[in-house]
Amino acid sequence: MNNFEFKNPTKIIFGEGQIAKIATEIPKDAKILLLYGGGSIKKNGIYEQVKTALKEFNIEEFGGIPANPEYAVLQKALDVIKEKQITFLLAVGGGSVIDGTKFLSSAAEYKGDNPWDILDKKIPTLKGMPFGTVLTLPATGSEMNSGAVITRSETKQKLTMGGPGLFPVFSVLDPTVVKSVPQRQISNGLADAFTHVLEQYMTYPVGALLQDRIAESILQTLVEVAPTILKDPTDYKAASNFMWSCTMALNGLIQKGVPSDWAIHIMGHELTALFGIDHARTLAILTGSHYSYNFETKKEKLAQYAERVWGVDQGSIDEKARKGIEKTVAFFHSIGIETKLSDYTKDYGGTGSEIARRLKERGMIALGEHGKLTPEDAEKIVELSY
Ligand code: NZQ
Ligand code: ZN
């Protein structure tokens with residue numbers, strides 16, 4: 001096992017009826033900015049619950065943060081923060097609203113002239129404005145990590161940011177919110193969380209037995225609950241296990257002491273920037289090709305995964321590893337997610353070379369757990385995904 005340090009300061013408040021508790025987590029004298037997305041929270045009762053909980057507080061609101069949180073919209077929210085002298089941010093939404101709030105948390109304290117530099121120049125956030133979250137969509141794990149991904153559509157960019165100052169102070173995880181989530185987003189959540197685990201697991205063995213077992217158990221839980229939660233999002237047992245699995249998939253725990261990959265996400269963000277494909281679906285497009293292309297360096301973990309997660313007990317390491325890839329692609333199909341770029345766009349020609357060009361431009365020339373994947377390799381992986 002590799003050396004590591006682990007600190008995750010986010011307080012999780014989990015369970016039905018817990019949204020009311022935000023009142024005891026936010027300082028009484030805070031000037032709050034409540035941030036939300038396109039309006040789903042006004043239809044499913046979550047907005048009402050938040051407003052009721054905070055009736056004694058001083059609150060401003062900013063709605064309209066779109067999926068793939070958009071820099072231009074966030075700049076308007078930043079103006080509100082400054083104008084109204086906001087001291088605490090409350091994100092009520094999925095990964096997009098939470099990520100947008102993280103950007104605002106950072107930008108509100110940023111001393112430079114241009115907040116885009118936080119993303120473009122990869123400036124880590126050591127201290128941000130404090131913020132809490134009420135999660136409405138299990139998927140990204142953003143509710144318990146310190147990363148964010150922000151889109152700038154005018155330049156077709158989707159860039160990451162983060163730093164130890166960007167953990168939420170608290171996050172409320174009430175599984176009953178899942179009941180209003182559309183099927184497409186439930187599938188996305190399952191695929192995103194599944195791939196988060198894979199990115200931190202499908203590398204090479206380093207004797208981290210516990211990390212492997214925790215990762216495999218998250219994958220198994222997602223596989224187990226997927227059919228039920230897709231059929232009946234009001235099923236509390238399935239919803240609570242789905243929600244906690246998504247959080248555990250990317251709160252930093254399983255990444256400690258092990259190598260991680262993240263090439264699928266890096267390439268996937270470019271597919272969203274270029275074509276607007278949902279984040280999770282970009283991952284499903286690339287996973288099979290990425291693992292086939294890097295078969296030799298990943299086959300031991302692929303075989304272990306096939307055995308332990310999918311019960312493949314016959315065959316050589318190579319045969320099991322191939323089965324592991326097949327099972328993964330079949331899992332995406334089973335939750336209604338297509339796995340070829342051509343399923344999403346007719347304009348896929350040249351995408352591989354365009355992604356290679358973008359990676360080069362940003363100096364991302366050494367991807368994967370070994371740092372050996374070049375933009376030319378990324379080009380081939382994307383081409384295998386057409
Ligand atoms: O905007 P509203 O009206 O709220 O509707 C949203 C949105 O249209 C809807 N929704 C959310 N909760 C709902 C609901 N509809 C009904 N009932 C509810 N309870 O779902 C739609 C999608 O929401 P979004 O927040 O975009 O989805 P998700 O949570 O999948 O977030 C995706 C974003 O997170 C980034 C992705 O790149 C993408 O931008 N990621 C963030 C990560 C992180 N911070 O750690 C890691 C991930 O790998 C990912 O990159
Ligand atoms: Zn993801």
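Heavy atoms only: backbone and side chains are in, while hydrogens, waters and symmetry mates are out. Ligands are counted one by one from 1 in listed order, and the atoms in each one are counted from 1 as well.
Computed with the Zn ion (ligand 2) at the centre, the H279 NE2 to H196 NE2 angle is 170°, stated to 10 degrees.
Interatomic distance, NZ of K179 versus CG of D232, reported as 11.5 Å (0.5 Å rounding).
Both tests do not hold together for K11 against F170: distance to the six-membered ring centre under 6.0 Å, angle to the ring axis within 45°.
Panel note: side chain K102, backbone N145; a donor-acceptor pair is recorded below 3.5 Å. Here the side chain of Y236 pairs a donor or acceptor atom with the backbone of E16 at under 3.5 angstrom. Judged purely by atom type and a 3.5 angstrom limit, Y386 uses its side chain to pair as donor or acceptor with the backbone of G352.
The Zn ion (ligand 2) lies closest to atom OD1 when only the N/O/S atoms of D192 are considered.
Atom NZ of K43 has 12 or fewer neighbouring heavy atoms from other residues, nucleotides or ligands inside a 6.0 Å radius.
Residues of the protein with a heavy atom under 4.0 Å from ligand 1 are G37, G38, G39, S40, N44, A67, N68, P69, G94, G95, S96, D99, T136, L137, A139, T140, S142, N145, G147, A148, V149, K158, V177, S180, V181, P182, Q185, D192, H196, L250, H265, H269, H279, listed by chain and number.
Within the 4.5 Å cutoff, no side-chain heavy atoms of F131 are placed close to those of L35.
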